[in-house]
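Report on the structure given below.
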Amino acid sequence: MNSSKVMDIAFHLTDVSGPRLTVSPGFTRAANYAIQQLKSWGLSSAALDPWGDFGKGWELQRSYIAMSAPYYKPLIGVPKAWSAGTAGLQSADVMLVSAKDSAALEAYKGKLAGKIISLERTDPYMQSFQPDAQRYIDDSLISMANAKPSERGLRDTAALRRRREQFAGQRAALALPALLKTMAKNDGAIAVLSGSARSHDGTVFVQGGGGYKTTDPENLLDFALTIEDYMTIVRMLKTGIQVKLEMDVKTKFTTDDTKGYNVIAEIKGTDKKLKDEVVMLGGHLDSWHGGTGATDNAAGCAIMIEAVRLLQTLGIKPRRTIRIALWSGEEEGLFGSKGYVKKTFGDPATMVLLPAHEKFSSYFNVNNGTGKIRGIYLQGNEAARNIFTSWVQPFNDSGARTITIANTGGTDHQSFDAVGLPGFQFIQDPIEYSIRTHHSNMDTYDHLVEADLKFNAAIVAAFVYNAAMSDEKVPRKELPKPDTGQRGF
Ligand SMILES: [Zn+2]
């Protein structure tokens with residue numbers, strides 16, 4: 001705790017590397033930094049490890065947007081990932097599209113050329129009466145600890161978030177904004193604007209703006225704005241006041257290497273019988289591009305990198321091999337961890353297992369923001385309860401004691417769970433994750449809580465140490481049946 005390097009690691013992954021979209025220069029900078037650090041501390045075989053084909057690389061190289069009429073006003077916005085640029089500075093009228101269904105959209109067909117397109121919204125502005133940052137209160141932790149196996153996902157914010165996003169994504173594919181964007185592109189519009197009630201007070205939540213496979217066509221520029229700026233434009237257009245915007249956006253696509261890579265490194269096991277068995281720890285290194293992915297998930301990566309540094313610096317001789325993995329392609333569908341598990345341990349679709357499956361102890365993941373670890377989700381594995389209760393015991397007085405049978409979803413431990421390997425994620429205080437930083441332009445270094453990250457690295461190091469040293473591997477659940485549907489994770 002007193003000589004932690006976790007904030008220095010986080011600084012290099014965020015401020016120094018920049019945004020870390022999968023297959024982007026920022027991701028490569030962060031991955032190379034991690035490899036170089038892990039090597040410098042003496043870890044073995046630190047390297048990039050390809051998991052499969054991702055698609056186009058993309059980088060935002062310039063982003064300017066402002067209102068120029070009826071008066072000048074800077075706007076707060078971020079282009080969605082994989083958007084095309086504007087080919088220089090453009091100045092154009094904003095056209096308001098007032099349509100409640102696809103039939104009403106037809107009236108605008110052929111009229112969108114050279115315009116910036118804004119779909120009318122009517123959502124009322126929501127004042128915030130909640131504090132941004134919160135910690136779990138004892139009642140919440142007690143109800144998690146007392147959860148029944150049937151109450152899967154209780155207090156399961158990561159899973160709920162992912163599910164909401166999936167449903168939103170499916171709806172969006174059929175929804176008006178997507179139809180309008182296609183029409184705007186076909187007509188030759190300059191860009192579309194996107195507003196979201198979630199994006200307020202200077203915070204813009206921004207993800208992908210269309211396909212990124214090499215076979216996908218280029219996506220029209222889609223500029224995500226804060227709801228205040230978006231509604232300013234909509235209100236004036238509705239009363240017939242002409243609104244002009246200036247935009248200059250430059251984006252760069254690359255196709256020279258479309259593969260996705262994880263970062264992998266090891267502390268070799270030393271016990272004659274157990275050294276071929278493996279304990280893993282990890283988090284996803286890729287991020288969205290609006291901020292620098294500090295809480296999602298430089299925090300988790302910095303914790304994992306610091307945890308292996310602590311173990312290495314202490315000179316422990318682990319009985320089992322300890323392997324760190326920093327994944328990519330998580331944001332687009334857990335691709336990095338899925339690809340790694342499939343080629344290393346087995347295929348969830350067939351449940352044909354590889355020899356390494358038998359030699360695996362457990363995987364520990366952190367991807368719920370910057371908040372302090374308060375305990376661990378058993379992921380339905382009741383047989384691990386007593387073991388984890390004893391491993392977390394030294395941290396009870398510091399506030400980490402909750403063991404819950406509940407699952408948490410939405411991220412990379414599920415790739416292990418899907419082939420019947422013990423994969424776990426920790427319970428973390430939410431802090432500002434959902435309300436402020438998760439996939440937003442405010443996901444930056446300043447939103448990291450130093451004391452929490454230091455503590456988290458120590459507790460993760462302790463869990464990994466225990467898993468590497470104990471006589472038995474972490475017990476497993478029953479093997480799942482082959483599932484071509486990938487259990488929807
Ligand atoms: Zn995320």
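In listed order, ligands and their atoms are each counted from 1.
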Tell me which N, O or S atom from Asp296 is the closest to the Zn ion (ligand 1). OD2
Among the N/O/S atoms of Glu331, which is closest to the Zn ion (ligand 1)? Give the atom name.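 Checking each N, O and S atom of Glu331, the shortest distance to the Zn ion (ligand 1) belongs to OE2.
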For the Zn ion (ligand 1), decide whether His439 has an N, O or S atom at a distance under 2.8 Å.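 His439 does place an N, O or S atom closer than 2.8 Å to the Zn ion (ligand 1).
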Any N/O/S atom of Glu330 sitting less than 2.8 Å from the Zn ion (ligand 1), backbone or side chain? no
Angle between ring planes, Phe416 versus Phe345, binned at 30° and 60°: parallel, tilted or perpendicular?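 Phe416 vs Phe345 ring planes: tilted.
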Return a table of donor-acceptor pairs under 3.5 angstrom between the side chains of residues 278-285 and protein atoms on other chains or two or more places apart.
| residue | atom | partner | partner atom | Å |
| --- | --- | --- | --- | --- |
| His284 | ND1 | Asp286 | O | 2.7 |
| His284 | ND1 | Asp286 | OD1 | 3.1 |
| His284 | NE2 | Asp296 | OD1 | 2.8 |
| His284 | NE2 | Glu330 | OE1 | 3.3 |
| His284 | NE2 | Asn367 | OD1 | 3.3 |
| His284 | NE2 | Asn367 | ND2 | 3.4 |

Salt-bridge contact Asp53-Lys259 (side-chain N to carboxylate O under 4.0 Å): no
According to side-chain hydrogen bond (donor to acceptor under 3.5 Å, both in side chains), who are the partners of His357, at least two apart in sequence or on a separate chain?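 Listed in chain order: Arg476.
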